[in-house]
J.: 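The structure that follows is given in the form of structure tokens.
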Amino acid sequence: MPEGPTIKILQEQLQPFVGRQITAADGYAKGIAPHSLQGHTIIDIKAWGKQLLICLDNQLTIRVHMGLFGSYRINDRGKRNASLGLKFDGDEVNFYISNIKLIAEPLDTVYDWTADVMNPAFDIKKARKKLLARPEAMICDLLLDQQLFAGSGNIVKNEVLFRARVHPANIIENLPPRKLTELIQTTIDFCADFYRWKKQNSLRKNLQAHEKQECPRNHIPFKKADLGKTKRHCYYCEICQILYE
DNA sequence: GGGAATGTTCACTA
DNA sequence: CTAGTGAACATTCC
């Protein structure tokens with residue numbers, strides 16, 4: 001059940017598999033013939049947003065997207081059948097409830113690396129432009145837009161809005177220019193924290209807003225509402241998170 | 001046991 | 001045609 005930072009951790013955990021040959025593959029995922037992977041060597045493992053990218057020696061890339069329920073095991077198996085299982089000499093990697101696709105195009109033509117919140121190449125100025133290009137959109141929707149913030153999910157959205165003291169229902173054109181930049185920077189900063197906490201297995205206890213009952217600043221109950229076009233749960237404080245007009 | 005949860009796409013409807 | 005809605009995917013946790 002991963003957002004970008006989790007995928008980044010997975011990507012790093014899989015680095016030892018670069019240079020290894022897939023000796024067998026199985027899985028029920030549609031859109032891929034596991035057998036066709038057999039014999040190929042992994043030449044690189046990348047991540048873009050919530051997607052894991054396993055690059056093979058035949059110009060193809062296995063794209064793994066774990067959606068809401070997905071999970072993975074390295075040298076271990078879950079209870080259910082895997083969407084995709086990759087076997088190596090003595091090792092295995094299993095993905096569960098994952099959307100698996102093969103990508104034939106060069107990755108640089110498919111992915112904008114400067115939009116990935118976990119990539120050092122993330123471009124704040126470009127993000128600003130993309131936000132300003134959608135003046136009528138709600139900030140809570142745009143923080144989930146993978147073209148703007150690849151890797152950001154509902155946890156990131158709620159925590160960033162709380163940290164920046166911005167009400168989720170703000171529309172872009174009403175936000176003060178400085179607030180926009182602050183929101184983008186806060187997203188990058190929070191994702192770095194998310195990554196660190198997740199590695200320490202302490203993500204949950206460090207969250208301040210997502211699925212919380214009350215505002216840690218004012219100790220009043222958080223509002224919980226499905227806002228915007230995305231209609232995902234927003235947790236926010238009506239006192240300290242400002243709705244600009 | 002019911003409901004909700006870190007997500008996205010697609011079919012259907014008005 | 002388009003915007004909006006809901007289903008589908010299928011698991012885990014409370």
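Naming convention: chains lettered A, B, ... in sequence-line order (proteins, then strands); numbering from 1 in each chain.
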J.: Using a cut-off of less than 4.0 Å, is there contact between a side-chain N or O of A/H233 and OP1 or OP2 of B/dA5?
T.: yes
J.: Please report, rounded to the nearest Å, how far the C1' atom of B/dA4 is from the NZ atom of A/K231.
T.: 18 Å
J.: Could you list by number each residue of residues 113-123 of chain A showing a heavy-atom separation from DNA chain B of less than 4.0 Å, or answer none if no residue does?
T.: none
J.: Heavy atoms only, 4.0 Å cut-off, all strands: where does A/Y235 land among base, sugar-phosphate and nothing?
T.: sugar-phosphate
J.: Any side-chain N or O of A/R232 below 4.0 angstrom from OP1/OP2 of B/dT6?
T.: yes
J.: Without decimals, in angstroms, what is the distance between A/I97 CD1 and C/dT11 C1'?
T.: 4 Å
J.: By the 4.0 Å heavy-atom rule, please label A/K50 as base, sugar-phosphate, or nothing.
T.: sugar-phosphate
J.: Quick one: name the residues clustered hydrophobically with A/M138, using the 4.5 Å side-chain heavy-atom rule over I, L, V, M, F, W, Y, and just say none if it's on its own.
T.: A/I171
J.: If you compare all heavy atoms of A/F95 against all heavy atoms of A/S98, which two are closest, and at what distance to 0.1 Å?
T.: CB-OG, 3.7 Å
J.: Would A/H210 and A/E159 count as having a side-chain donor-acceptor pair, cut-off 3.5 Å?
T.: no
J.: I need the NZ-C1' distance between A/K30 and B/dT9, as an integer number of Å.
T.: 11 Å
J.: Rounded off to whole Å, could you give me the CD-to-C1' distance for the A/E136 and C/dA3 pair?
T.: 16 Å
J.: Go through B/dA5, B/dT6, B/dT8 for me and flag the one nearest to the A/F69 side chain.
T.: B/dA5
J.: Quick one: sort the A/F190 and A/W197 rings into parallel, tilted or perpendicular, breaks at 30° and 60°.
T.: perpendicular
J.: Scan side-chain atoms only and decide if A/W48 and A/N119 contain a donor-acceptor pair under the 3.5 Å cut-off.
T.: no
J.: Under the side-chain contact (heavy atoms from CB on, under 4.5 Å) rule, what do A/L37 and A/I32 come out as? Steps first, then yes or no, please.
T.: CA-CA 9 Å; A/L37 304 175; A/I32 192 168; 3.9 Å; yes
J.: List in numerical order all residues of residues 145-163 of chain A for which some heavy atom is under 4.0 Å away from an atom belonging to DNA chain B.
T.: A/Q146, A/G153, A/N154, A/I155
J.: By nearest heavy atom, map A/K79 and A/K229 onto DNA chain C; which one lands nearer the 5' end?
T.: A/K229
J.: Using both distances under 3.5 Å as the test, list the Watson-Crick or G-U wobble partner of C/dT5, or none.
T.: B/dA11
J.: Is there a donor-acceptor contact under 3.5 Å linking the side chains of A/D89 and A/T23?
T.: no
J.: Between A/N206 (CG) and B/dT6 (C1'), how many Å, whole number?
T.: 16 Å
J.: Rounded to whole angstrom, note down the C1' distance from C/dG4 over to B/dT6.
T.: 25 Å
J.: Write down the partner of C/dA10 under the Watson-Crick or G-U wobble criteria, each distance required to be under 3.5 Å.
T.: none
J.: Within 45 degrees of the axis of the six-membered ring of A/Y28 and under 6.0 Å from its centre: does A/R80 put its NZ or CZ there?
T.: no
J.: Round to a whole Å and report the spacing from NE2 of A/H65 to P of C/dA10.
T.: 16 Å
J.: Can you see if the side chain of A/R80 gets near the phosphate of C/dA10 - specifically, an N or O under 4.0 Å from OP1 or OP2?
T.: no
J.: Compare all side-chain heavy atoms of A/E12 with those of A/K199 and state whether any distance is below 4.5 angstrom.
T.: yes
J.: For A/R163, run the side-chain hydrogen bond (donor to acceptor under 3.5 Å, both in side chains) check against A/D189, A/N158, A/D193 and tell me which one passes.
T.: A/D193
J.: Rounding to an integer number of Å, can you tell me how far A/E211 CD sits from B/dT6 C1'?
T.: 9 Å
J.: How many whole angstroms separate atom CG of A/D141 from atom C1' of B/dT8?
T.: 15 Å
